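The structure displayed is predicted, hence computed values, not measured ones. Throughout, a chain's letter reflects where its sequence line sits, starting with A, and its residues are numbered from 1.
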Amino acid sequence: MNRPVLSVKDLAITYHSASGPVPAVRGVTFDLAAGDSLGLAGESGCGKSTLANALLRLLPDGTITSGQVMIDGRDLFALSPGGLRAVRWTTGAIVFQGALHALNPVQTAGKQVREPMLIHQTVGSEDEARVRSRQLFERVGLPANQLDAYPHQLSGGQRQRVLIAMALACDPRLLIADEPTTALDLMVQAQVLALIAELRRESSLSLIFITHDLSVLTYVADRLAIMYAGKIVESGPSLSVFENATHPYTRALAAAFPTIGDQTSRLAPSGLAGDPPTPGALPAGCPFHPRCPLAEDRCQTAEPVLRKAGQAHRAACVLV
Amino acid sequence: MSSIVSLRDVHVHFGASRAVDGVSVDVKPGEVLALVGESGSGKTTLIRAVQGLQPVTAGEIIYTSAAGATAGPGRGNRGVQMIFQDPTGALNPRQTIYEIVAEGLRIRKESQNEVERVGRALSRAGLRPPERFFPMYPHQISGGQRQRVVIAGAMVMEPDLLLADEPVASLDASIRGEILALMLELVGDTGLSILVVTHDLGLAWNIADRVAVMYLGRIVELGPTEQILGEPRHPYTRALLSVVPETTRMEQQILVGEIPDSRRVPVACRFHPRCPLLQSGMLPAEVASRCTTEDPGPVDRNAGSAAACWAVT
Ligand SMILES: Nc1ncnc2c1ncn2[C@@H]1O[C@H](COP(=O)(O)OP(=O)(O)OP(=O)(O)O)[C@@H](O)[C@H]1O
Ligand SMILES: Nc1ncnc2c1ncn2[C@@H]1O[C@H](COP(=O)(O)OP(=O)(O)OP(=O)(O)O)[C@@H](O)[C@H]1O
Ligand code: SF4
Ligand code: SF4
Ligand SMILES: [Mg+2]
Ligand SMILES: [Mg+2]
């Protein structure tokens, strides 16, 4: 295995809110090797974006973090403000969830792509930034004339490409993409996924791809991590997790996306009753037990830890 | 053939924009018909027209349902009810669940047995016992329950046609299945028909009897779900299906660009500028020349299955 570009150990994140502490991420551990891709999935509120933002220390003031994040060999939480600035964009860059609607409306797409290069001085001059932004547009499949377009003149798919170009501006080793295709329709989603796959083939870019749509991940990610209530409850090679899901929650999530042509799901939609728990008020024991079809008495007492469930495949359930 | 509603060459234009451009299809009693297609293909405009919220520019929408036959289209048609994508936006935060569900009855001044009817609609939507939900407000229930309240608000009118625009797109994956199962259950229990609009072909596989594929204001392929999703014939349907992440068995045909602008519908076959089959050069010359000179026309609403394509025989 290559040296990990990212090594996360026991990461826990607790937000501060008016109604008390919100333990959004409760102990997450994983490594990401250079050039590898990890897909993160799970229901709304399970902590995906919190985890993603924490990887570049982009959390609101007052948030309590514990554990360790090594990014490209450096201890993230020990970095000085200057060191942190050097890590953001050049080591790791993020495409934020919902950013499609957050591009600056009064700046051209080209200017927004040039800005990080100039701020981080990865280019020597404005001219060099122009050359590089043109190359980036070509790389993400946008015609050069759209450098001068304003966000409202671009379609959703084109705006997503601009955001990806922006994230790639300083040539990061790690790209974190938080729900980059959720607002796009099927064909445009396929275009963006193909673009990301191509970027990864061309360079040794590592990728963290977040979505609630498990089926998308089997396409872009080598490995999957399924989160529930702030923890990874199952992880392993993508196909292994999608097709041989071990954790009852992963199984329910996978079944929610039927395979077209599979007779067992024809006229038989499959769901999961109940709602995800609130971070401040988790049920005792396995946090999934109130919704779990296989729950037993012992599930209500101790929270299960990740255990081996196959080749490089782990799950946190007493039945494993 | 009996139908709940029959669309005959329906056009809805907004100035130069031909959002719906000649749609003919029947919704049959007790069926779930899924209308699928890319963003901007005219799906929402079409069901708004069926609901009567959107005047048609040309063509006819004929309601033959028992409740709708006399009332005609428009808000007055209690036999046709609609549910929307975002349940949170659809519910008034200051009304109780009871008031929300009763609203349709009150607007129509059908106050007899109101409590009983509201209770029945809530139970039918899976919110049991209904009395527990009567005094609650939308913020006190979950996203999935909110969509159930929206469904109860439609079901209280005892419609025979339910229009649903992306009914689960804003819901979590795990809740999605529950709501879809509820829709199927309603069809089974009450004989309701559902016209559901979606991007999600998996949803169609889960609940639809028939699928209509829309491209740029027209239905380009129509037929039983198993056939449309199993052996699609129109090159657009094939491309669409090939990019569903779940269909690993097909070779991906990623179309270039986005759906063209409905203000500039291409001449002849409206799909020809993006058609992979035409671009492959494999079509016989006489077919290929028709693609760019002659409109294959809308699909036949009475055919068991149909594709608007010169290459499909
Ligand atoms: N700034 C904040 N202050 C307090 N609580 C927060 C804050 N941001 C997020 N949370 C809470 O933390 C939990 C995790 O949120 P997060 O955004 O990480 O979830 P997510 O998995 O990304 O969900 P989604 O799929 O909806 O994007 C949620 O319960 C959320 O309400
Ligand atoms: N009120 C309006 N005025 C002008 N054009 C409109 C109006 N409503 C819709 N359109 C245009 O009609 C076309 C069809 O839009 P519609 O919303 O019906 O598509 P859709 O298939 O529902 O798309 P989506 O999947 O994104 O919801 C689009 O080109 C749209 O811009
Ligand atoms: S530990 Fe128990 S409740 Fe939790 S997922 Fe496993 S079986 Fe279900
Ligand atoms: S008519 Fe021709 S251009 Fe149109 S879909 Fe068929 S093959 Fe393609
Ligand atoms: Mg998120
Ligand atoms: Mg729509």
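Note on R266(A), E43(A), R291(A): by heavy-atom pairs under 4.5 Å with chain B, the leading option is R266(A). Each of A190(A), G141(A), P276(A), A41(A) has some count of heavy-atom pairs under 4.5 Å with chain B, and the biggest count is that of A190(A). Taking chain A as the reference chain and counting heavy-atom pairs below 4.5 Å, the highest number among I207(B), L180(B), L255(B) is found for L255(B).
Enclosure of atom CZ in R263(B) is not indicated, since only 12 or fewer non-hydrogen atoms of other residues, nucleotides or ligands lie within 6.0 angstrom. At most 12 heavy atoms of other shown residues, nucleotides or ligands fall within 6.0 angstrom of atom CD in E138(A).
For a residue to count as touching a neighbouring chain, one of its non-hydrogen atoms must lie under 4.5 Å from one of that chain's; by this rule Q158(A) touches chain B with backbone and side chain alike. Of the two parts of A268(A), only the backbone, made up of N, CA, C and O, holds a non-hydrogen atom closer than 4.5 Å to a non-hydrogen atom of chain B. Of the two parts of A255(A), neither the backbone nor the side chain holds a non-hydrogen atom closer than 4.5 Å to a non-hydrogen atom of chain B. Only the backbone of S270(A) comes within less than 4.5 Å of a heavy atom of chain B; no side-chain atom from C-beta onward does. Interface remark: V216(A) contributes backbone and side-chain atoms alike to the contact with chain B (heavy atom separation under 4.5 Å). There is no contact between A169(B) and chain A, counting heavy-atom distances below 4.5 Å.
Of the possible polar contacts, one joining the D185(A) side chain to the S39(B) backbone as a donor-acceptor pair under 3.5 Å is found. Of the possible polar contacts, none joining the W205(B) side chain to the Q263(A) backbone as a donor-acceptor pair under 3.5 Å is found. Remark: side-chain polar atoms of R176(B) are paired, donor with acceptor, to backbone N or O of A256(A) under 3.5 angstrom.
In terms of heavy-atom proximity, G202(B) sits nearest to P258(A) at O-CG, 3.5 Å. Shown here for A181(B) and P269(A), the closest heavy-atom pair between the two residues is N-CG, 3.5 Å. For Q191(A) against I254(B), the heavy-atom pair with the smallest separation is CG-CG2, 3.4 Å. Shortest non-hydrogen contact noted between L240(B) and L186(A) is O-CD2, 3.8 Å.
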Criterion side chain to side chain contact (heavy atoms under 4.5 Å, CB included) on M187(A) and V243(B), from CA distance to verdict: CA-CA 7 Å; M187(A) 195 57 73; V243(B) 300; 4.0 Å; yes
V244(B) and I260(A): CA distance, side-chain angles, deciding distance, side chain to side chain contact (heavy atoms under 4.5 Å, CB included) verdict: CA-CA 9 Å; V244(B) 175; I260(A) 290 169; 4.2 Å; yes
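One distance of note links CD of E38(B) with CG of L184(A); it measures 11.5 Å at 0.5 Å rounding. Rounding to the nearest 0.5 Å gives a distance of 11.5 Å between CG of L203(B) and CZ of F257(A).
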